[in-house]
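The block underneath contains the structure these notes are about, expressed in structure tokens.
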Amino acid sequence: MTDWNAYLDEARRAFEAAASTAELDEPRVRYLGRRSELKQALRNVRDRETGQTLNALRERLETLVADRETALDQAERARLDETLDVTLPGERPPRGHLHPLTQIIREVEDIFLGLGYEIVDSREVETVWHNFDALNQPLTHPSRSHRDTFYVDDETLLRTHTSTAQIRVMEKRQPPIYIATPGRVYRRDTPSPRSTPNFHQVEALAVDRGITLADLKGTLIHFVRAMFGPDREVRIRTSFFPFTEPSVEFDVSCFLCGGEGCVFCKYSGWFEMGGAGVVDPAVFENVGYDPEEWSGFAWGLGLDRIAAQRLGVPDIRMFWENDLRLLRQFG
Ligand code: DAH
């Protein structure tokens, strides 16, 4: 026969001896668990009196263990309070940043805003008219081919350049116009370190009275100096685009060697930037402007290569790979 008074004393001492809530588990199981002497005896109870005694003992033990647990828990919290310094700085939640290409686009927009230009967003799915015809592109031009351009149907395509925005804006408004329009463009090119089928351009258009090539050059110089540093020079070479006459291509002096020639600029001293020119009278006629009254300049350039050059990224495909090891370097 078990001496239940001794059982109670023993259990009480064991609960008291537990130094933490975790340590209390062992005596709780021993004296109150399913396989404890008490629980086994309760299962075998035959008479009412023993049942009452044992149940009273069980309740007593349950109260003892619960009280002990409360006391230990409070002590543990008090200790935690003493060691917890709520004045310490918290853990900083991880915070992302803009993609390097988005950063460049924002920077370009800021430069234009500083010049008093308006930033305009234009559509990426375009008509053949806005992408080619209105820009005076001859019917035979190879970029019209389905092999070079993504067509949605015969009349609709993914724009191959941001020059479409020139037409969109001029169709809707009267001069004077000073706009810059950055965005995505699409060409059926095989991905390589220097090109991806989907890339970014920014287009600028100024239409006013008496605009000349000199205004264009001045604006370009301002732009490259704001973008690449105050010592940059601009070089203009003659070229051809159907929507400008005369047409030029422009380069910026190497921002690493200052034009002397280095690995970065392939010993030429210059980086190719983009195309530009004086808006062709035929384009003005296509949007209903009088070419005798208005004149303007336009330019366009690819942003991905510029971003790659400036950030020292050797392959523009890296911008599209979503590799955080690369992106984190440009926070
Ligand atoms: N649209 C041309 C391209 O995609 C770039 C360009 C050249 C834009 C001359 C212009 C321009 O506005 O006047 O290569």
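Using a 4.0 Å cut-off between charged nitrogen and carboxylate oxygen, E26 and R30 count as a salt-bridge pair. Using a cut-off of 4.0 Å between Lys/Arg side-chain N and Asp/Glu carboxylate O, R187 and D189 are scored as not salt-bridged. Salt bridge present: E69 and R28 bring a charged side-chain N and a carboxylate O closer than 4.0 Å.
Remark: the backbone N or O of I211 is paired with a side-chain donor or acceptor of S295 at under 3.5 angstrom. Between the T196 side chain and the F199 main chain, no donor and acceptor come within less than 3.5 Å of each other.
Between W299 and F112, the ring centre distance stays below 6.0 Å. Aromatic pair F271/F228: centroids not less than 6.0 angstrom apart.
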Please tabulate, for side-chain N and O atoms in residues 4-14, each donor-acceptor pair with protein atoms closer than 3.5 Å (sequence neighbours left out).
residue, atom, partner, partner atom, Å
Y7, OH, Y31, O, 2.9
Y7, OH, L38, N, 3.4
E10, OE1, Y31, OH, 3.0

Donor-acceptor contacts, no H, no angles, side chain residues 98-106, under 3.5 Å, sequence neighbours left out:
residue, atom, partner, partner atom, Å
H99, ND1, L101, N, 3.0
H99, NE2, F319, O, 2.8
Q103, NE2, L98, O, 2.8
Q103, NE2, F330, O, 2.7

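There is a side-chain donor-acceptor pair under 3.5 Å between D153 and T156. Inspection of the E203 and S163 side chains reveals an N or O donor paired with an N or O acceptor under 3.5 Å. For the 3.5 Å distance criterion, the side chains of T50 and D47 qualify, holding a donor opposite an acceptor.
When side chains are defined from C-beta on, S253 does not count as touching R235, because their heavy atoms never get closer than 4.5 Å.
Residue-environment remark: CG (N322) stays at or below the threshold of 12 foreign heavy atoms within 6.0 Å. For E293, the CD atom counts as densely surrounded, since its 6.0 Å shell holds more than 12 non-hydrogen atoms of other residues, nucleotides or ligands.
For the salt bridge (Lys or Arg N to Asp or Glu O under 4.0 Å) test, no residue two or more places apart in sequence or in another chain qualifies with E76.
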